[in-house]
Colleague: 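Before anything else, here's the structure in question.
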Amino acid sequence: MNLIVTACQVPFLSGGATYHIDGLVAALRREGHAVELLRFPFQFQPEASIHQLMAHCESLDLSQPNGQRVDRVISLQFPGYGVNHPHHVVWLMHQHRSVYELYQADTAGSEQARLRDAVTAYDNRVLPKARHLFANSQRVAERLREYNGLEAEPLAHPPALAERFHCAPAQPYIFYPSRLESLKRQDLLIEAARHLRSPVGILIAGAGGQEARYRELIARHGLEHRVKLLGHLTEEEKIAFYANALGVFFGPFDEDYGYITLEAMLSSKPVLTCNDSGGPLAFVADGETGRVVAPDALAIARAIDELHERPEQAARMGRAGRARYQSLDISWERTVSRLLAV
């Protein structure tokens, strides 16, 4: 078939969304389809640019651009899912979060309030037009139901290089690879290091806007001997750090999906997450495949100490995590088959 995939483009920013988009396009092409990726330039400010892009997307008819046959459109992101096509499938990565679960009414200005109203109206208008609504996780589907009254089918996909993750004997460190941003909450893990009784180290990989603050926090508490910011890692390095870890921490606030959870499970490592972390909670069962604790430094420290004190239990939870992942039959082949079956 001739397929168009729509998504957004934020210059010089990449992360899990980039892999999701590129992974889908590559998987569709492996199945023999001709695929065009249509990316809309997106900027968060000024808010007028968001209004303009919504109007532009909603005005686009992709049924037969320039006389070319388009069999289906698959849209992944706001506001690209507003385009028009008679066989339009939406696989929702997330909505415009700043006007939904991250909206703070007590600090929002009038422009933000107007944007919230406009985006909500846009979503309520364009999303029901889709032939079928998928969500990339159970948590994203829950939000869509909560805020817009719409039902979406959760549809998972594998992390990059899934076949290369493996397990090696555990070394005494907790690994957390992610962008250094406020929502990822690396500061919770840094604060937890102050309360550890065991000699477990904390290795945090990635770069981002909170790096300077995290370095200052580490220095302020004198944790340089225990907490290391590793910066950017190659894929080979990341896989090796997963393989040798005692456990993996992933405690963001209300994450959409979270490749880190899946990568840890593929590495047979227990996942330590928080009870408000969103996406990981669909995979992590407390005491079975990892630990689910409050987003509190003391609670996180206690959970880490328990992993060190009971290494056999930690290894057992890690093996259960990998078995859980395998039982879900997560693969690009299955994902593409489902997207094209509706």
Colleague: Any salt bridge between Glu312 and Arg316, counting N to O under 4.0 Å?
Modeller: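 Salt bridge between Glu312 and Arg316, a charged N being under 4.0 Å from a carboxylate O: no.
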
Colleague: Looking at Glu236 and Arg164, does any basic side-chain N land under 4.0 Å from a carboxylate oxygen?
Modeller: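 Yes, charged N to carboxylate O under 4.0 Å.
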
Colleague: Check this for me: does any side-chain nitrogen of one of Arg310 and Asp305 sit under 4.0 Å from a carboxylate oxygen of the other?
Modeller: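 No, this pair does not count.
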
Colleague: For Tyr259 and Tyr257, what are the C-alpha separation, side-chain angles and deciding distance, and is it a ring-ring contact (aromatic ring centres under 6.0 Å, His included)?
Modeller: CA-CA 7 Å; Tyr259 292 124; Tyr257 185 41; 5.8 Å; yes

Colleague: Any donor-acceptor pair under 3.5 Å linking the side chain of Asp296 with the backbone of Leu298?
Modeller: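 The answer is yes, because a donor-acceptor pair under 3.5 Å joins these two groups.
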
Colleague: With no hydrogens and no angle check, is any side-chain donor or acceptor of Ser277 less than 3.5 Å from a backbone partner on Pro280?
Modeller: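 Side chain of Ser277 to backbone of Pro280: no pair is present.
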
Colleague: Check this for me: does any side-chain nitrogen of one of Glu263 and Lys269 sit under 4.0 Å from a carboxylate oxygen of the other?
Modeller: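 Lys269 and Glu263: not salt-bridged.
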
Colleague: Please work out whether the ring planes of Phe78 and His96 are parallel, tilted or perpendicular, with thresholds of 30° and 60°.
Modeller: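 Plane angle under 30°, so parallel.
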
Colleague: For Phe283, which of Leu328, Thr289, Thr273 qualifies under side chain to side chain contact (heavy atoms under 4.5 Å, CB included)?
Modeller: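 With Phe283 as partner, Leu328, Thr289, Thr273 yield a single side chain to side chain contact (heavy atoms under 4.5 Å, CB included), made by Leu328.
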
Colleague: Quick one, His88 and His132 - any side-chain contact, counting heavy atoms below 4.5 Å?
Modeller: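 Contact flag for His88/His132 side chains = no.
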
Colleague: Which one of Tyr214, Phe249, Tyr242 satisfies the ring pair (Phe, Tyr, Trp, His ring centres under 6.0 Å) criterion with Tyr176?
Modeller: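 Answer after filtering Tyr214, Phe249, Tyr242: Phe249.
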
Colleague: Under 4.0 Å between a Lys/Arg side-chain N and an Asp/Glu carboxylate O for Arg69 and Asp71?
Modeller: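 Counted as a salt bridge, because a side-chain N and a carboxylate O are separated by less than 4.0 Å.
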
Colleague: Please check if atom CZ in Arg334 has more than 12 non-hydrogen atoms from other residues, nucleotides or ligands closer than 6.0 Å.
Modeller: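 Count not over threshold, so no.
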
Colleague: Where do Lys184 and Glu255 land on the salt bridge (charged side-chain N to carboxylate O under 4.0 Å, His left out) test, with the steps shown first?
Modeller: CA-CA 8 Å; Lys184 303 302 182 183; Glu255 180 77 9; 2.9 Å; yes

Colleague: Which value, rounded to the nearest 0.5 Å, describes the distance between Arg72 atom CZ and Arg131 atom CZ?
Modeller: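 CZ of Arg131 is found 7.0 Å from CZ of Arg72.
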
